[in-house]
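Here is the structure we will look at.
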Amino acid sequence: MDMHTVVVGTSGTTAEDVVAVARHGARVELSAAAVDALAAARLIVDALAAKPEPVYGVSTGFGALASRHISHELRAQLQRNIVRSHAAGMGPRVEREVVRALMFLRLKTVASGHTGVRPEVAQTMADLLNAGITPVVHEYGSLGCSGDLAPLSHCALTLMGEGDAEGPDGTVRPAGELLAAHGIAPVELAEKEGLALLNGTDGMLGMLVMALADLKNLYTSADITAALSLEALLGTDKVLAPELHAIRPHPGQGVSADNMLRVLAGSGMTGRHADVTGDAPRVQDAYSVRCAPQVNGAGRDTLDYAAVVAGRELASSVDNPVVLPDGRVESNGNFHGAPVAYVLDFLAIVAADLGSICERRTDRLLDKNRSHGLPPFLADDAGVDSGLMIAQYTQAALVSEMKRLAVPASADSIPSSAMQEDHVSMGWSAARKLRTAVDNLARIVAVELYAATRAVELRAAEGLVPAPASQAAVAALRAAGAEGPGPDRFLAPDLAAADTFVREGRLVAAVEPVTGPLA
């Protein structure tokens, strides 16, 4: 558990805070300003609830049932019932970090003072996070409009002491038992509170924020593996010259080229196009090698755009209806997930393309007709063993799935709620498939790393001198357990160790003492 405290105020939160709470168990605390804003907004809701005129979300039904005015004696039941009826998710459990992000981001909106939720309800939300109690949320049930309804409903059910939840020890128990064990009283929801706990883009936003954190590491790692592959293929680093990228000034392209150039600094292997016996002179490297900065860089620029969208959403209060400072309670469409859904799908596209170019370089390293003197499949004794032949098959299977995952979810819409909610974002679905894509991309980059370090070692055995950063990457990967083929050992390529090495950021950490900080 990360014991530092994240203070939730009225003006949103940061991506770093989302990751700290979701992944690292940081504690959550409401600011005094948030408590005051909650109390002020609640006074407005209470005043409207006392009036005879119906107000949506306060004294009416919901969605297609909004035309019914609900009497005072039925309103507490109405709030309980919306949570219970909307907790209709199905399928496998969603990961703990996703649920914690979902809960934290809903608390962020509640704390803005625009939802009308009482301070004690917000405090109970914080108490659940701090106790490590995680509601059981299911894979299916959100259309991304009105927000992530079913996932948020399962979280609200836990606040009420109902349904199932996971305790800090990882055991799933009835939520009421877990709350009692931690001294947390279940909440009795009042007017508007049930609806306010359900209306938001929190699930898709939480997954976007965590995907961006993971992709930042993977794009830097992919710059490193591209440089290692270029070096192992005896390619030229002249294509990485800053002046070439300055005349096509896409920011990410320049960053990736600079990363690669710094990894290759001091290499005795680059630029040796015609130095291998029997190899025809090369004027240019293949696109997968020469255009790595352009492809990696375009992906980086997409990450930057997605981060802008995420930042706007992190600063937003997403609810319907909302309490405005002038005392009005107004319906709106801010819960629609389109802005988040679009960038989730965009990221799946660029992740698929990055995976694809990584696989093409791996295949080139393994093909004796294109690897410029390397042994077939980088085998120790080709024919007696198959080297990394099937490692590339695994990588190709992952790339193929990445292409399927790149099909946008946000292009679809299925009407719901008796045609009241007749256009939805499918943002939750976009987020779920992006999580799979990011997971696959880590594996794909790991296979290229495994192949490229093996190829660099083979070149070094021939008397060529790798770049100092390349040597650091090889040494760190081997120390992490990902051994290469050899006469005394080649049972199977240790791709799992390489995968862990990449996704934990250890590849970047291994080369940065040589290169300086990489972007």
Side-chain angles (χ1 to χ4, degrees), residues 1-22 24-49 55 57-58 79 100-131 133 147 152 155-156 159 184-185 187-203 205-206 209 307-332 334-335:
M1 295 283 283
D2 183 342
M3 298 313 292
H4 92 271
T5 298
V6 171
V7 178
V8 183
T10 59
S11 58
T13 190
T14 66
E16 292 75 16
D17 283 347
V18 174
V19 173
V21 173
H24 307 303
R27 292 186 59 79
V28 174
E29 180 181 301
L30 292 170
S31 72
V35 173
D36 290 345
L38 285 159
R42 187 64 208 179
L43 289 175
I44 295 171
V45 170
D46 286 341
L48 290 171
V55 177
V58 176
Q79 300 303 317
R100 286 184 60 84
L102 179 75
M103 296 164 68
F104 174 67
L105 289 169
R106 183 77 317 224
L107 177 60
K108 175 269 300 182
T109 282
V110 165
S112 70
H114 291 297
T115 67
V117 168
R118 290 168 295 156
E120 53 264 40
V121 176
Q123 184 57 56
T124 304
M125 297 170 74
D127 291 343
L128 285 182
L129 285 164
N130 292 339
I133 297 173
L152 283 164
C155 293
L159 278 175
I184 301 172
V187 298
E188 286 282 344
L189 299 177
E191 288 94 342
K192 195 185 179 301
E193 289 180 335
L195 186 61
L197 294 175
L198 313 186
N199 250 314
T201 57
D202 309 294
L205 176 59
V209 167
V308 168
V309 173
R312 292 169 181 159
E313 198 74 359
L314 288 168
S316 300
S317 298
V318 180
D319 192 19
N320 180 49
V322 293
V323 181
L324 297 174
D326 60 8
R328 286 180 295 149
V329 175
E330 296 285 0
S331 292
N332 66 90
N334 284 344
F335 49 73

Using side chain to side chain contact (heavy atoms under 4.5 Å, CB included), reason through E193 and R118 one step at a time and then give a plain yes or no. CA-CA 8 Å; E193 289 180 335; R118 290 168 295 156; 2.7 Å; yes

When you measure from the side chain of E313 to the backbone N and O of A310, does any donor-acceptor pair fall under 3.5 Å? no

With rounding to the nearest 0.5 angstrom, report the CG to CZ distance, L205 to R312. 13.5 Å

With no hydrogens and no angle check, is any side-chain donor or acceptor of R106 less than 3.5 Å from a backbone partner on A196? yes

First locate atom OG1 of T201, then atom CG of N334, and finally report the distance between them rounded to the nearest 0.5 Å. 9.5 Å

Where A101 and V18 come nearest, the two heavy atoms and their spacing: CB-CG1, 4.1 Å

The test is side chain to side chain contact (heavy atoms under 4.5 Å, CB included); show your working for T115 and V322 and say whether it passes. CA-CA 5 Å; T115 67; V322 293; over 6 Å; no

Between V28 and T5, is any pair of side-chain heavy atoms under 4.5 Å apart? no

Please confirm whether the backbone N or O of D46 pairs with a side-chain atom of K192, one donor and one acceptor, at under 3.5 Å? no

For V8 and A111, which heavy atoms make the closest approach, and how far apart are they? CG1-CB, 3.7 Å

4.5 Å side-chain heavy-atom contact, V187 and L189: yes

To the nearest 0.5 Å, atom CG of D319 lies from atom CG of L195 at 6.0 Å

Should the heavy atoms of other residues, nucleotides or ligands under 6.0 Å from CD of E330 be counted, would the total exceed 12? yes

Run the side chain to side chain contact (heavy atoms under 4.5 Å, CB included) test on V110 and V121 for me, step by step, so that the C-alpha distance in whole Å, both residues' side-chain angles and the decisive distance to 0.1 Å come before the verdict. CA-CA 9 Å; V110 165; V121 176; over 6 Å; no

Main chain of H114, side chain of S112: is a donor-acceptor contact present, judged purely on distance under 3.5 Å? yes

Show the nearest heavy-atom pair for residues A185 and T124, with the distance to one decimal. O-CG2, 4.1 Å

Residues at least two apart in sequence or cross-chain that pass side chain to side chain contact (heavy atoms under 4.5 Å, CB included) with I44, listed by chain then number, are L48, V323, V329

Minimal heavy-atom distance between A20 and H4, with the atoms involved, is CB-CE1, 3.6 Å

Nearest-0.5 Å distance that lies between atom CD in Q79 and atom CG in L197: 9.0 Å

For the CG atom of D17 and the CZ atom of F104, what is their distance to the nearest 0.5 Å? 5.5 Å

Shortest non-hydrogen contact between A37 and T10, atoms and distance: CB-CG2, 3.8 Å

Could you measure the distance from the CG atom of L129 to the CD atom of E29? Nearest 0.5 Å is fine. 13.5 Å

For the side chain of K108 and the backbone of A315, is there at least one donor-acceptor N/O pair under 3.5 Å apart? no

Taking all non-hydrogen atoms of both residues, which atom of S31 and which atom of V7 are closest, and how far apart? CB-CG1, 3.7 Å

Is any side-chain heavy atom of L159 closer than 4.5 Å to one of L128? yes

Does some side-chain heavy atom of V6 sit less than 4.5 Å from a side-chain heavy atom of R27? no

Donor-acceptor pair, D202 side chain versus L107 backbone, under 3.5 Å? no

Who passes side chain to side chain contact (heavy atoms under 4.5 Å, CB included) against V35, sequence neighbours left out? L30, P119

Run the salt bridge (Lys or Arg N to Asp or Glu O under 4.0 Å) check on R42 and E191 step by step: do they pass? CA-CA 10 Å; R42 187 64 208 179; E191 288 94 342; 3.6 Å; yes

Judged by atom type as modelled, is there a donor-acceptor pair below 3.5 Å linking the side chain of N199 to the main-chain atoms of N320? yes

